Amino acid sequence: MTAPSLRINSSPGRRLILHSLSASLLALLATTNPADAYAQERWQPQRPIRLIVPYGPGGSSDVIARALAVEMSKSLGQTVFVENKAGGQGSIAMQDAARAAPDGYTVVLGHVGTLAVNPAMMSKLPYDPLKDFAPVALLTRVPMLFAVGPANSSTTLAQFVSQAKAAPGKLNYGSAGVDFHAELTRHFHLKLTHLLA
């Protein structure tokens with residue numbers, strides 16, 4: 001199934017997908033060994049479930065988590081609350097989740113930044129992405145968009161890279177974090193002024 005075929009424009013369709021994902025997600029998180037979850041009966045939580053988001057409110061991770069929490073709450077008959085825990089490029093939240101009891105009552109919304117980029121860029125992390133977490137479900141894919149203002153004549157990323165190489169340090173750009181800056185400058189060998197959004 002390709003990404004475009006997963007697009008659903010109706011609210012009932014989104015709810016159905018989130019409802020299906022939430023039951024599977026919690027069934028797998030109910031044990032310390034995700035493979036054992038398949039053999040168990042449906043897990044019925046006895047208290048609220050905490051869904052940790054490693055970033056502040058309002059971003060894509062928060063929006064996804066809040067939609068998921070609503071559907072999980074309906075499906076499980078138990079409150080699922082979102083706790084935004086920003087800081088340390090997501091490592092504060094990931095550390096908190098890694099230290100939580102593996103009983104299914106703490107879930108974290110991990111993604112490429114916290115599970116792949118941080119380990120590659122930070123020498124000492126307070127969590128081990130391979131040992132402390134078990135992947136459960138791919139909830140969504142969030143595309144990265146590259147755009148230029150009307151004052152820039154670039155119509156492709158290749159044109160922008162050529163402009164930046166021709167005038168080192170003259171072009172500015174903004175992004176949501178340092179991960180993107182490091183990747184852009186490393187990959188294209190560019191000297192740009194980064195304006196952290």
Side-chain angles (χ1 to χ4, degrees), residues 3 6 14-38 40 42-144 175-180 182-183 197:
L6 292 175
R14 278 196 222 74
R15 282 195 291 271
L16 177 64
I17 288 173
L18 290 174
H19 178 79
S20 299
L21 285 174
S22 65
S24 301
L25 174 69
L26 286 176
L28 286 172
L29 288 174
T31 68
T32 57
N33 183 352
D36 290 344
Y38 290 111
Q40 294 182 4
R42 181 181 161 118
W43 180 60
Q44 290 296 314
Q46 302 301 306
R47 63 180 197 266
I49 298 163
R50 179 171 68 138
L51 174 53
I52 302 172
V53 177
Y55 301 100
S60 59
S61 295
D62 181 58
V63 170
I64 292 163
R66 290 180 188 281
L68 180 62
V70 167
E71 297 307 318
M72 286 172 64
S73 295
K74 289 178 187 175
S75 174
L76 295 168
Q78 189 61 253
T79 300
V80 178
F81 64 93
V82 173
E83 180 180 335
N84 295 90
K85 204 160 198 163
Q89 292 177 256
S91 63
I92 293 170
M94 297 304 284
Q95 176 182 3
D96 185 23
R99 290 181 177 174
D103 56 8
Y105 289 99
T106 300
V107 184
V108 66
L109 189 72
H111 60 80
V112 69
T114 56
L115 298 171
V117 175
N118 283 358
M121 294 183 65
M122 302 169 87
S123 60
K124 291 185 179 181
L125 280 177
Y127 62 92
D128 183 327
L130 299 176
K131 294 178 182 173
D132 293 335
F133 305 102
V136 175
L138 175 62
L139 296 175
T140 188
R141 291 184 178 150
V142 180
M144 189 172 284
S175 75
V178 295
D179 300 343
F180 182 77
E183 179 60 25

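Just so we're clear, the structure is a prediction, and the values are computed from it rather than from any experiment.
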* To do: Please step through side-chain contact (heavy atoms from CB on, under 4.5 Å) for the pair Leu139 and Leu109, ending with a clear verdict.
  => CA-CA 9 Å; Leu139 296 175; Leu109 189 72; 3.5 Å; yes

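- Taking every heavy atom of both residues into account, Gly88 and Met122 meet most closely at O-CE, 4.2 Å.
- Counting only distance, with no hydrogens or angles, the side chain of Thr106 and the backbone of Arg50 share no donor-acceptor pair below 3.5 Å.
- A donor-acceptor contact shorter than 3.5 Å is absent between the side chain of Asp62 and the backbone of Val53.
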* Going through the checks in order, is the side-chain contact (heavy atoms from CB on, under 4.5 Å) test met by Glu71 and Val80? -> CA-CA 9 Å; Glu71 297 307 318; Val80 178; over 6 Å; no

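- The stretch residues 106-132 participates, sequence neighbours left out, in these ring-ring contact (aromatic ring centres under 6.0 Å, His included) pairs: Tyr55-His111, Tyr127-Phe133.
- Distance check, rounded to the nearest 0.5 Å: CE of Met72 to CD of Gln78 gives 11.0 Å.
- Put simply, CE on Met94 and CG on Leu115 are 4.0 Å apart, with the number rounded to the nearest 0.5 Å.
- In this structure, Ala93 and Pro54 approach most closely via the heavy-atom pair CB-CA, 3.5 Å.
- Atom CZ of Arg66 and atom CG of Asn84 lie 5.0 Å apart (nearest 0.5 Å).
- Separating the CG atom in Leu51 from the OH atom in Tyr105 is a distance of 15.5 Å, to the nearest 0.5 Å.
- Side chain of Gln46 to main chain of Gln44: a donor-acceptor pair is present (N/O by atom type, distance under 3.5 Å, no hydrogens or angles).
- The only member of Leu125, Asp128, Leu130 that meets side-chain contact (heavy atoms from CB on, under 4.5 Å) when paired with Pro119 is Leu125.
- The CD atom of Gln95 sits 11.0 Å away from atom CD1 of Ile52, with the distance rounded to the nearest 0.5 Å.
- The nearest pair of heavy atoms linking Val108 to Ala97 is CB-CB, 3.6 Å.
- Rounding to the nearest 0.5 Å gives a distance of 9.5 Å between CD1 of Ile49 and CG of Asp103.
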